[in-house]
Amino acid sequence: GTNGTLTVVTATVNHGDSAFVQVVADVANGYHIAEITDNAGGSLTLGENTDTDVMYGLGDVQQDIEVCATFAHNLYPITVVNQNPEIGTIVPSVDSSWTWGEDVPFVITPSSECYVISEITVDGATLTAGTDYTITGDTYTFMNVVDEHSITVGFDTVVYKMTATIDPASSATVTTGEANCGQNWDFVMEAAEGQHLAMIFVDYVLDTVFTNQEDTYTYTVEDVHGDHNVIVYTAIDEYAVNVTTIGEGVTNIDGDTTAVYNTTLDFTFTPNACNELVSFTINDVEFIDSLSSLAYTWTATEDAIVVVTYDS
């Protein structure tokens, strides 16, 4: 046959003697011995890559003998492992054998833009992302296959950063972290006690939906496909104070005024002659029994309606 040689060890033998033919495959070009037959009915089936040099024996020779050999190209298995088949593919996707000398490409593709190649390991060696392959999809080719190989691929979800910047003069908390591609992310913003949210920027654009100056606010980023950032400004709460004086007397604070959170208003009460302070309420709560003098210091934590009553 071609792609190998047959060498008769004993060219002429006596009737009934044995003879031998050495069959050698063309190893340099990737061949092995597939089968050896002779015209006396003998045969030997081989077929492994290692079947490259066989001494074929002929016993009890009683006629002229012709020996034939068939050679075949070596086949080499490539083992394929996909660790995350639900989010990416490798094609071919199953273990298979390939002919000696072939170039065998494997196409590796994440199933959507929300996934990337996280690993390619070839024959036990891990390739480097960005240098050896592109994470958004690539092809790895085994060139000139002359041995067994293996390839393992892995895929992962793209993750984006959700960050927040708090104005240095402000005080607030914001939920931050990492969001998987394609999911929704809630930026939950909460002003510190005594403050309210004043302005919010999302990805450096003013959020015009936010108008109520409330203490808490949630901005939802839908179908995340990139990093996002919020910038939060707060302002100190300011409370409305209305003071009404009834009867004959003077209260140092009267009418409408304002007070910033956690600041104080010092009330002093001066009844006219023959009168006395009989009632002092803040938001309908009576404080007259709490006074040790005709003065009271109130700390602003809410709007207040103050009623001061003098009587004879």
Problem set entry | Verdict with supporting geometry, L44 and V54, side chain to side chain contact (heavy atoms under 4.5 Å, CB included) | CA-CA 10 Å; L44 177 63; V54 173; 4.0 Å; yes
Exercise. Just by distance, with hydrogens left out, do Y310 and T251 show a side-chain donor and acceptor under 3.5 Å apart?
Worked result: yes
Exercise. If you draw a 6.0 Å radius around CD in E238, do more than 12 non-hydrogen atoms from other residues or ligands fall strictly inside?
Worked result: yes
Exercise. Is the side chain of D138 donor-acceptor paired with the backbone N or O of T134 at a distance under 3.5 Å, no angle test?
Worked result: yes
Exercise. Would V285 end up clustered with W298 when hydrophobic side chains under 4.5 Å apart are linked, directly or stepwise?
Worked result: yes
For this session: Would you tell me whether T264 and T299 have side-chain atoms, one donor and one acceptor, within less than 3.5 Å of each other?
Result: no
For this session: Enter the distance from D203:CG to Y219:OH here, rounded to the nearest 0.5 Å.
Result: 7.5 Å
For this session: Check whether any side-chain heavy atom of V174 lies under 4.5 Å from a side-chain heavy atom of I166, and answer yes or no.
Result: yes
Seminar exercise, completed: Value for CD1 (I231) from CG (D167), rounded to nearest 0.5 Å, stands at 9.5 Å
For this session: Over all heavy atoms of both residues, which pair between E178 and V159 is shortest? Give the atoms and the distance, please.
Result: CB-CG1, 3.3 Å
Exercise. Between N180 and T157, is a side-chain hydrogen bond (donor to acceptor under 3.5 Å, both in side chains) present by the stated rule, with each step listed?
Worked result: CA-CA 7 Å; N180 288 344; T157 303; 5.2 Å; no
Exercise. Would you say the side chains of D95 and T79 form a donor-acceptor pair under 3.5 Å?
Worked result: no
For this session: Determine yes or no for a side-chain-to-main-chain donor-acceptor pair under 3.5 angstrom, with E48 supplying the side chain and T50 the backbone.
Result: no
Exercise. Does L127 belong to the same Ile/Leu/Val/Met/Phe/Trp/Tyr cluster as V107, with side-chain heavy atoms less than 4.5 Å apart forming each link?
Worked result: no
Problem set entry | Side chains of T270 and N252 in contact at under 4.5 Å (non-hydrogen atoms) | no
Exercise. Are there more than 12 heavy atoms of other residues, nucleotides or ligands under 6.0 Å from atom CD1 of I236?
Worked result: no
Exercise. Is V260 close to T258 at the side-chain level, that is, under 4.5 Å between some pair of heavy atoms?
Worked result: no
Problem set entry | Heavy-atom closest pair, residues Y76 and D147 | CB-O, 3.4 Å
Problem set entry | Spacing of I90 atom CD1 and I108 atom CD1 [to the nearest 0.5 Å] | 4.5 Å
Problem set entry | Polar side-chain atom of D227 near backbone of K161 as donor-acceptor pair, under 3.5 Å | yes
For this session: Determine, using the 4.5 Å side-chain heavy-atom cutoff (strictly less than), whether F71 and W100 are members of one ILVMFWY cluster.
Result: no
Problem set entry | For N283 against A304, the heavy-atom pair lying closest together | OD1-CA, 3.4 Å
For this session: Taking atom CG of D223 as the centre, report whether more than 12 heavy atoms of other residues, nucleotides or ligands fall under 6.0 Å from it.
Result: yes
For this session: With side chain to side chain contact (heavy atoms under 4.5 Å, CB included) as the test, would you mind laying out the steps for V21 and T7 before giving the verdict?
Result: CA-CA 5 Å; V21 176; T7 303; 5.9 Å; no
For this session: Indicate whether any N or O donor in one side chain lies under 3.5 Å from an N or O acceptor in the other, for D103 and T141.
Result: no
Please table the atom pairs, donor to acceptor, closer than 3.5 Å between any side-chain atom in residues 187-199 and protein atoms at least two apart or in another chain.
unit_1: E193; atom_1: OE2; unit_2: Y261; atom_2: OH; d: 3.2
unit_1: Q195; atom_1: OE1; unit_2: T234; atom_2: OG1; d: 2.4
unit_1: H196; atom_1: ND1; unit_2: A235; atom_2: O; d: 3.3
unit_1: H196; atom_1: ND1; unit_2: D237; atom_2: OD1; d: 2.7

Just distance, no hydrogens or angles: give the donor-acceptor pairs under 3.5 Å from side chains in residues 27-40, sequence neighbours left out.
unit_1: N29; atom_1: ND2; unit_2: D26; atom_2: OD2; d: 2.7
unit_1: H32; atom_1: ND1; unit_2: A72; atom_2: O; d: 3.2
unit_1: H32; atom_1: ND1; unit_2: N74; atom_2: OD1; d: 2.7
unit_1: H32; atom_1: NE2; unit_2: G47; atom_2: O; d: 3.1
unit_1: D38; atom_1: OD1; unit_2: A40; atom_2: N; d: 2.7
unit_1: D38; atom_1: OD1; unit_2: G41; atom_2: N; d: 3.2
unit_1: D38; atom_1: OD1; unit_2: G42; atom_2: N; d: 3.0
unit_1: D38; atom_1: OD2; unit_2: G42; atom_2: N; d: 3.4
unit_1: D38; atom_1: OD2; unit_2: Y56; atom_2: OH; d: 2.4
unit_1: N39; atom_1: OD1; unit_2: E66; atom_2: N; d: 3.0
unit_1: N39; atom_1: ND2; unit_2: D64; atom_2: O; d: 3.4

Exercise. Within the distance-only criterion (no hydrogens, no angle test), does the side chain of T121 pair as donor or acceptor with the backbone N or O of T126 below 3.5 angstrom?
Worked result: no
Problem set entry | Backbone of G88 reached by a side-chain donor or acceptor of Y115 within 3.5 Å | no
For this session: Compare all side-chain heavy atoms of V9 with those of M55 and state whether any distance is below 4.5 angstrom.
Result: yes
Exercise. Distance only, no hydrogens: is a donor on one side chain within 3.5 Å (strictly under) of an acceptor on the other, for T163 and N229?
Worked result: yes
Seminar exercise, completed: Here the gap from L277 atom CG to N275 atom CG, rounded to the nearest 0.5 Å, amounts to 10.5 Å
Problem set entry | Minimal non-hydrogen separation, F155 against V153, with atom names | CE1-CG2, 4.0 Å
Exercise. Does the pair T281 and F287 meet the rule for a side chain to side chain contact (heavy atoms under 4.5 Å, CB included), with working shown?
Worked result: CA-CA 6 Å; T281 64; F287 285 88; 5.8 Å; no
Exercise. Can E248 and N272 be counted as having a side-chain donor-acceptor contact under 3.5 angstrom?
Worked result: yes
Problem set entry | All ring-ring contact (aromatic ring centres under 6.0 Å, His included) counterparts of Y140, not counting sequence neighbours | F142
Seminar exercise, completed: Looking only at heavy atoms, the pair that brings L294 and P271 closest together is CD1-CD, 3.8 Å
Problem set entry | From CD1 (I151) to CG (D123), nearest 0.5 Å | 9.0 Å
For this session: Not counting sequence neighbours, which residues clear ring-ring contact (aromatic ring centres under 6.0 Å, His included) with F280? List them please.
Result: F267, F269, Y296
Exercise. Is L206 atom CG crowded by more than 12 heavy atoms from other residues, nucleotides or ligands, each under 6.0 Å away?
Worked result: yes
Problem set entry | Validation row: D17, V61 side chains within 4.5 angstrom (heavy atoms) | no
For this session: May I ask whether V209 and V232 are part of the same hydrophobic cluster, defined by side-chain heavy atoms of I, L, V, M, F, W, Y residues being less than 4.5 angstrom apart, directly or through others?
Result: yes
Exercise. V13, I65: one ILVMFWY side-chain cluster at the under-4.5 Å cut-off?
Worked result: yes
Exercise. Quick check: does any side chain N or O of T139 sit under 3.5 Å from a backbone N or O of P105, one acting as donor and the other as acceptor?
Worked result: no
For this session: Keeping to residues at least two apart or across chains, list the disulfide bond (SG atoms under 2.5 Å apart) pairs with something in residues 113-170.
Result: C114-C181
Exercise. Between the side chain of N49 and the main-chain N/O of L75, is any donor-acceptor distance below 3.5 Å?
Worked result: yes
Exercise. Between I200 and Y233, is a side chain to side chain contact (heavy atoms under 4.5 Å, CB included) present by the stated rule, with each step listed?
Worked result: CA-CA 6 Å; I200 295 168; Y233 292 82; over 6 Å; no
For this session: Taking the side chain as every heavy atom from C-beta outward, state whether T244 and V308 have any pair of such atoms under 4.5 Å apart.
Result: no
For this session: Report the distance from atom OG of S279 to atom CG of D289, rounding to the nearest 0.5 Å.
Result: 10.0 Å
Problem set entry | For the student: nearest non-hydrogen atoms of S18 and D60, plus distance | OG-N, 4.1 Å
Exercise. Can you tell me if T131 uses its side chain to pair, donor with acceptor, with the backbone of T128 under 3.5 Å?
Worked result: no
Seminar exercise, completed: The complete set of side chain to side chain donor-acceptor pair (under 3.5 Å) pairs with one or both residues in residues 83-94, sequence neighbours excluded, reads Q83-E119
